[in-house]
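Remarks on the structure that follows.
Residue numbering restarts at 1 for every chain, and letters A, B, ... go by the order of the sequence lines.
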Amino acid sequence: MLLSRLARVSQEVAAASARSRKIALLAGLFREAEAADVPVVIPYLAGRLPQGRLGVGWKVLGRPVPPAAEPSLTVRGADARLTALGAVSGPGSQAERARLAGELMGAATEAEQRFLRGLITGEVRQGALDAVAVEALAEATGAPPADVRRAVMLAGSLQAVAEALLADGPAALDRFRLTVGRPVLPMLAHSASSVAEAAGRFGACAVEEKLDGIRVQVHRDGGTVRVYTRTLDDITGRLPEVATAALGLPGERFVLDGEVISFDGTGRPRSFQETAGRVGSRVDVATAARAVPVSPVFFDVLCVDGRDLLDLPLTERYAELARLVPEPMRVRRTVVSGPGDVPTAEAFLARTLERGHEGVVVKALDAAYSAGRRGASWLKVKPVHTLDLVVLAAEWGHGRRTGRLSNLHLGARAADGSLAMLGKTFKGMTDAMLAWQTERLRELAVADDGHVVTVRPELVVEIAYDGLQRSTRYPAGVALRFARLVRYREDKRPEDADTVQTLLAAHPGVRP
DNA sequence: TTCCGACAGTGGGGTCGCAAT
DNA sequence: ATTGCGACCCCACTATCGGAA
């Protein structure tokens, strides 16, 4: 199959607004693909490269290359070139990757260049990613969408399911079962604003502490342990403590779901930054582990000794977990009988926060384990802080925000009377707010370099955020975590905005 | 007819590793 | 030694479509 065919369909998908139309377009192409092209066509149209990331980004791809006049690249040909590109390493590799990328782009037509750039940078912007591709795959093969979704969850890979389905039809789905050693897509949580709201959605529910660490899925098969991240990367080598812990448990074959986090000498959780830095260390793991040891803390079990537990209700899975994992290695939790028992849940949240944790996850006791956010039977609840800050500048947006001032630079009043930038945010804005702020900020503009528009610091915004973190980038030595716009405070002037001093006072655990 | 679940898009801060300077 | 880039951890929120109620 020619790459130009994919590029054209991708454009048509982007142009279609109805999801059903996107699905029909993708399904048509999936039916058309030869078996040998399937391993490439499927991920490409789901907006991903089969190789994963290549080590090439905007910097290299941004260089303009004269496009080819006529399409000649095949799907497999392009894939082979990208595989070669991704394999380059060592001294001189940047220049070599740039050369290979230039060569590929030179062989591509203008439409193919756009498509390839999107794929390589991970921004296809066609309004269809894995979930829509799954629907299309179901439509193309006549398999029930729910069965395809489940197979993808169990395989941890759309590509593997697609190949099997297109080769052997819907019967192939039965081959995908939970297998120890092969990671499955993890179940995720939605957000709720309070434990009362969360408990109100369920009947009886569990309330579990939410640890601010790294999600892990731990597979043990006899003497072999493997540890996977939320995106199914294998990080076994970075977490020797987890392997040791798993080998110490009274079971030979199991799959556990949990979090790794680092506790300090007093048993308080270290900051997310410290835990994430440790888990990110790959070169000298032993030294990193001595400085910042991590502990696994589990909250679910997906399989024990060959028994697949995914479809059991949480109550039964947790009973299995309690048999397998001793209490100190499980998250703290409480069970509430329903909305009438909210005070118990609130008291548990308060104790959890006192222990230094992030918040809680409220879970329906009768819910099975299912990948993604589908179903919403897990709800996280975290405290939200707010501040009044001054808009210092704004950045021109991309995609559907092109032509709008989007990303706001936020400042608090510093002791010397200046405004200290604490971070940026593009979240929380409705289309009406974007239109309004674009107009208002242009009136206040003092400079525009085409990317950042600097403004007179006169507008005050109410900003919600999850917490404070250390920063080497910002002048106060701290930055806001997950800042988002709540509303404009036209009733406030810059001199009414919050100060760095009051911010630091509100977060005594964080120092610049 | 209205409501709500699922999805994609739009980017945020930090840290690590690697190659280039 | 320092800098820049890319990958990957954590993530919130809105618009939109389409099925459920």
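Between A/Arg238 atom CZ and C/dA7 atom P the separation is 14 Å, expressed in whole Å. Between A/Arg125 atom CZ and B/dA8 atom P there is a gap of 15 Å when expressed in whole angstrom units. Following rounding to the nearest Å, A/Ile120 (CD1) and C/dA7 (P) show an atom-to-atom distance of 10 Å. Atom-to-atom, NE2 of A/His409 to P of B/dG12 comes out at 8 Å; the value is rounded to the nearest Å. Summarising the geometry, the separation between NZ on A/Lys427 and P on C/dC13 is reported as 8 Å, rounded to the nearest angstrom. Straight-line distance from the CZ atom of A/Arg21 to the P atom of C/dG18: 12 Å, rounded to whole Å. The CZ-C1' distance, from A/Arg19 to C/dA15, rounds to 10 Å in whole Å. Rounded to an integer number of Å, the gap from OH of A/Tyr228 to P of C/dC9 is 14 Å.
Backbone-only contact: A/Gln126 has heavy atoms under 4.0 Å from sugar-phosphate atoms and none from a base. Backbone-only engagement by A/Leu54 is indicated by non-hydrogen atom pairs under 4.0 Å involving sugar-phosphate atoms exclusively. No engagement by A/Thr275 is indicated, since no non-hydrogen atom pair under 4.0 Å with the nucleic acid exists. Looking at heavy-atom distances under 4.0 Å, A/Lys22 makes no contact with the nucleic acid at all. When heavy atoms are screened at a 4.0 angstrom cut-off, A/Val132 is found touching the sugar-phosphate backbone but no base atom.
Checking C/dC10, C/dA12, B/dG11 against every side-chain atom of A/Arg481, the shortest atom distance belongs to C/dC10.
Judged purely by atom type and a 3.5 angstrom limit, A/Thr502 has no side-chain atom pairing as donor or acceptor with the backbone of A/Asp498.
Against DNA chain C, the stretch residues 197-217 of chain A makes heavy-atom approaches under 4.0 Å through A/Lys210, A/Gly213, A/Ile214, A/Arg215.
A cation-pi arrangement, defined by a distance under 6.0 Å to the six-membered ring centre and an angle within 45 degrees of its axis, is absent between A/Arg332 and A/Phe299.
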Nucleotide-resolved protein contact map, nucleotides 14-20 of chain B, B/S/- at heavy-atom distance under 4.0 Å: SSSSSSS
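The six-membered or imidazole ring of A/Tyr465 lies near that of A/His507, with a centre-to-centre distance under 6.0 Å.
At the phosphate of B/dG9, neither OP1 nor OP2 sits under 4.0 Å from any side-chain N or O atom of A/His398. A/Ser406 has a side-chain polar atom (N or O) that falls below the 4.0 Å cut-off from OP1 or OP2 of B/dG11. Contact between the side-chain N/O atoms of A/Lys380 and the OP1/OP2 oxygens of C/dA12 is found at a separation under 4.0 Å.
Where A/Met429 and A/Phe482 each meet DNA chain C at their nearest nucleotide, the meeting point lying more 5' is that of A/Phe482.
A/Ile120 CD1 to A/Leu61 CG: the interatomic distance, rounded to the nearest 0.5 Å, is 5.0 Å.
With no hydrogens or angles considered, no side-chain donor-acceptor pair links A/Glu274 and A/Ser262 at under 3.5 Å. For the residue pair A/Glu123/A/His398, the side-chain donor-acceptor check at 3.5 Å is not satisfied.
Looking at every heavy atom in both residues, A/Asp130 comes nearest to A/Arg48 through OD1-NH2, 2.9 Å.
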